[in-house]
Amino acid sequence: MAKLPVAADQLIKKYGPHKAYAPQSGFYGAHEPDRLVKTHCCYCGMQCGIQLKVKDNKVTGFEPWMEFPFNEGRLCPKGVQRYLQNNHPDRLLNPIQRAEGKGFEPVSWEHAMSKTVSEIRRIQEKYGNDAFAMLSGVSITNEKSYMVGKFARVALKTANLDYNGRLCMVSAGGGNKKAFGLDRSSNSWADLAHAEVIIVAGANISETFPTLTHYIWQARDNGAKLIVVDPRVIPLARTADLHLPVRPGGDSALFGAMLKILVDNDWLDHDFINSHTSGFEETIAAVKDYDLDWAEEQTGIPGEKIREAATLWGKAKTSFLLHARGIEHHTKGVENVLSCINLVLATGRIGKPYCGYGTITGQGNGQGGREHGHKCDQLPGNRDITNPEHREYIAGVWGIDEKEMPGKGLTAYEQIEAIHRGEIKGLISICFNPLVSLPNNNFVREALEKLEFYMCIDSFLSETARHADIVMAGSLHEEEEGTVTTAEGRVVKINEAVTPPAGARRDGEILMELADRLGAGDKFSYTCSEDIFNELRVASRGGTADYYGITYKKIVDNMGVFWPCPSLDHPGTPRLWEDRKFRTPDGKAHFNPVPYRPASEVTDKEYPVVLTTGRVVSQYLSGTSTRRIGKLVDQYPEPLLEIHPKLAFQYGIKERDLVRVKTRRGEAEFPAQVVETIREDTVFIPYHWGGKHAANQLTIGNLDPVSKIPEFKVCACKLIPTGSKAPDVMTETAYQSGL
Amino acid sequence: MIPATDYNQEMAFFVDMQRCIGCHACEMACAECETNGQESMIHVNYVNRAESVQTTVQVCMHCEDPACANVCPADAIHKDDFGVVHSANTSRCIGCSNCVLACPFGVPKKVEEAELMMKCNMCYDRTSAGKKPMCATVCPSQALFYGTREEIERMRPDSVPVNSFKFGKQEVDTKVSIMMPKGTHQLIVE
Ligand code: SF4
Ligand code: SF4
Ligand code: SF4
């Protein structure tokens, strides 16, 4: 039913993406703004401080915010251009409804609301409450995350709620919970700048969290050794002391082999291991056969380099280990993460100055968004939805009977599978573009086409929103007040710079009205975002992610507060575990044995090349906003296939030759970029584009058994040169994701 | 006579190509500077993308004896008392491109629509008001740093700022420095 109402080109013509190079009203007022509003960049997990210039209720530019301690004015290109998402010509200015053969037509808010509510009722009465699902994003504030979690359980009464963090760092979360009982990076970045040795594993810091680069360079000025683990020579690796070009899928073999070297050389902190950890013996037993020859075979990294890395790590007094999606997007993402944590625990370098460990969150609120209960298995405060005590507490905060609270639902990709099977019939999504960001796009599209009703809240008509029955014109980051939690665990304040344009509404208000119409209005009677935050504080109280002691005023006065912060007089916790009281049931940090296993799809005769995916610096996630900003598009206008000259030679592929990349799930053509900065057996495609430019047509939907994260980072492909050259730059169509 | 401004003569650019991650934030921020009319006066390029991700970033070096000003027949380019070499004066510049050809660093660009030479003037509107230039402020890796020589020497003990260049027989001293490995005194550019 929800096939596109008209061809994609027609939708693109009307709703974009179009490239904006200047505010719609020109730069009028940019130099004499009415106000400067201190807030944060709306993109990655660094959440850099920035000041937006506002004139006549429009954002007209930015001014660096020099005092904000993390970035002191520094920004990446996305931060510099982020102001152009405001007042963009593609912005949805009213609710729209699908009109067969015509596209979309504007409807009143009254109609959009009553149609949505009647469809929810119809589907739930016919197929049961769980047949109506909800998907949410973590570019939204903590307040909205919290509200989405409560909305789905209390107003929509469905178990099937999940979030796009499921594509992001849930493997890290799973590993953190197993090892520490709490899910947060252990330190503020301040410790990073003073560590003696730094491992960056599967984190293209220079392109995905550029402002963090400064801290790495600072550490190197202080004498730090830098080890970068990545199949590509990412810009950070160019001058690293050691670059370990791991074959995608080989990470845990590498870290396991390093652990064995630590044990063999007794580079261990026995006091820490004995007093504060459990599981050490089983863990080292699992790596006893991991000699360097074996490791070289599994990882594709010369054994000597592995020894060198282990020696640097083993002998250091202070250290920091950072990872991101490169090791997390795997069917063994949690195991990869645990194999990193084992290295940290073995050397006891945690909970001390200049020693740290953590994942870097990719999405703007990747940290906060994983704490407040819009995951299928979680309640606010990072509580467990299956734990009777946790349920009882949150039911009390929400004023409902615990028995009314739904149980654990399906994860994001599992929801798509359930839609395919006909078990889920209706869907609401907010700030999520699965048609670009989930693996196996074609399967996702088929699922969307099977829905009986799909309502989506967004500010732009994303690739996914094109399949909706109703799109409610929601709000941009600069149009709402709230908080987000940065990758270092610092809760910061987002300030409203402008009000939404007439016809659009704040996302929070949309959810409140829907809740009201669904009969739960009394549970959603907030008058401002601070009201929601205050309820969130209480809901998180006593949980592992405890925000109770954080108030708006405290955030503003201190330019951010690190959670946990359990009481009003508590200063917050920039460095975890100084007290050695881990949040596991036995109070100890847990080593976890990680027997190595290969990726879910390995290369063979038919599909002989490894395909991996990732990001480029000028785009953010599925590009719903950044693929509308002219200079960001022009910087990297189309996805390129990075291929090593040796592999290219084998296929007769030259620079900008068009290559068809085929996997068991789909195929697509990309211009080749022949570069020595990638492994010889691996090709790379960035994933921000949709339609026929989508890398995720090719990737695999196999999931990690614990975190249910898909294996974006490795699958097998074959390369078929088409015999033609790609035009110089395919700018005009590439960014638009036509079908 | 030194005009009354907040200009701090000790402050200058320090460029460290080793740190540059090729993100282009500097270019985009430069275009946001009030005087540039959405044109960037700084340019980031790959050295050889086929082999490396190394990028270079070129700002005006603000030469002590600027070739661009020396060859300008219309006297449109002016070096001020702080050592800042300014963009061509709109009312004088005849768009002859002499400066474009003369600059050993390849910095000035002729903006065709305006028939005017434009180049970096160290964000004079910002620096004269005690702020840092846009590019150096935003540069996420601090490959571009704006501050004093003493600050940079303290912060980056493994490298030295070099502001003397040799192009064949021509020696050029500049206000802007390039960060080089310890022991380097002059950069020889062939
Ligand atoms: S995208 Fe990330 S690094 Fe870039 S400015 Fe925004 S928050 Fe900072
Ligand atoms: S670098 Fe070129 S443009 Fe700048 S002052 Fe020197 S000669 Fe003039
Ligand atoms: S902003 Fe800094 S790191 Fe980015 S391209 Fe410019 S000089 Fe290089």
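This structure is a prediction, so every number in the text was calculated from the model and none was measured. First the proteins, then the strands, lettered A, B, ... as listed; each starts at 1.
With a 4.5 angstrom heavy-atom cutoff, A:Val675 touches chain B via backbone and side-chain atoms both. Contact annotation for A:Met66: only side-chain heavy atoms (C-beta onward) come within less than 4.5 Å of a heavy atom of chain B. With a threshold of 4.5 angstrom between heavy atoms, A:Phe62 approaches chain B through its backbone and through its side chain. Within the 4.5 angstrom heavy-atom criterion, only backbone atoms of A:Arg220 (N, CA, C, O) approach chain B. For chain A, the nearby parts of B:Cys23 are the backbone and the side chain; heavy atoms of each come within less than 4.5 Å. Within the 4.5 angstrom heavy-atom criterion, no atom of B:Glu27 approaches chain A. The part of A:Gln81 that comes within reach of chain B is its side chain, from C-beta onward, which places non-hydrogen atoms under 4.5 angstrom from that chain. In this structure, the portion of A:Glu642 lying under 4.5 Å from any heavy atom of chain B is its side chain and not its backbone. Proximity to chain B is limited to the backbone of A:Ile234, based on heavy atoms less than 4.5 angstrom apart.
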Check: What's the verdict on salt bridge (charged side-chain N to carboxylate O under 4.0 Å, His left out) for A:Glu63 and B:Arg126, showing C-alpha distance, side-chain angles and the deciding distance?
Finding: CA-CA 11 Å; A:Glu63 181 62 32; B:Arg126 299 177 72 82; 2.6 Å; yes
Check: Step by step, would you call A:Thr239 with B:Gln18 a side chain to side chain contact (heavy atoms under 4.5 Å, CB included)?
Finding: CA-CA 7 Å; A:Thr239 59; B:Gln18 286 295 309; 2.9 Å; yes
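Side chains of B:Gln142 and A:Trp217 form no contact here, defined as non-hydrogen atoms less than 4.5 Å apart. By the 4.5 Å heavy-atom criterion applied to side chains, A:Tyr83 and B:Glu32 are counted as neighbours. Side-chain contact between B:Ser52 and A:Glu676 is absent, with no heavy atoms from C-beta onward closer than 4.5 Å.
No other option in A:Val80, A:Asn71, A:Asn222, A:Leu75 has as many heavy-atom pairs under 4.5 Å with chain B as A:Leu75. Chain B forms the most heavy-atom pairs under 4.5 Å with one residue out of A:Gln673, A:His214, A:His31, and that residue is A:His31. Heavy-atom pairs under 4.5 Å with chain B were tallied for A:Gln218, A:Gln635, A:Lys631; the largest tally goes to A:Gln635. When B:Val53, B:Val138, B:Thr55 are compared by the number of non-hydrogen pairs under 4.5 Å with chain A, B:Val138 comes out ahead. Looking only at heavy-atom pairs under 4.5 Å with chain A, the residue among B:Lys131, B:Lys132, B:His24 that has the most is B:His24.
B:Pro140 and A:Arg74 get closest at one heavy-atom pair: O-CD, 3.9 Å.
Other residues, nucleotides and ligands contribute only 12 or fewer heavy atoms inside 6.0 Å of the CZ atom of A:Phe649. Within 6.0 Å of NZ on A:Lys646 lie no more than 12 heavy atoms contributed by other residues, nucleotides or ligands.
Taking SG of A:Cys76 as the reference point, atom CE of B:Met28 lies at 9.0 Å (rounded to 0.5 Å).
Taking 4.5 Å as the heavy-atom cut-off, the residues of residues 149-158 of chain B that approach chain A are B:Met155, B:Arg156, B:Pro157, B:Asp158, ordered by number.
Legend: residues meeting ring pair (Phe, Tyr, Trp, His ring centres under 6.0 Å) with B:Phe105, ordered by chain and number and at least two apart, are B:Phe165, B:Phe167.
Remark: of the listed residues B:Glu51, B:Arg49, B:Gln54, B:Arg49 is the sole one forming a side chain to side chain donor-acceptor pair (under 3.5 Å) with A:Thr677.
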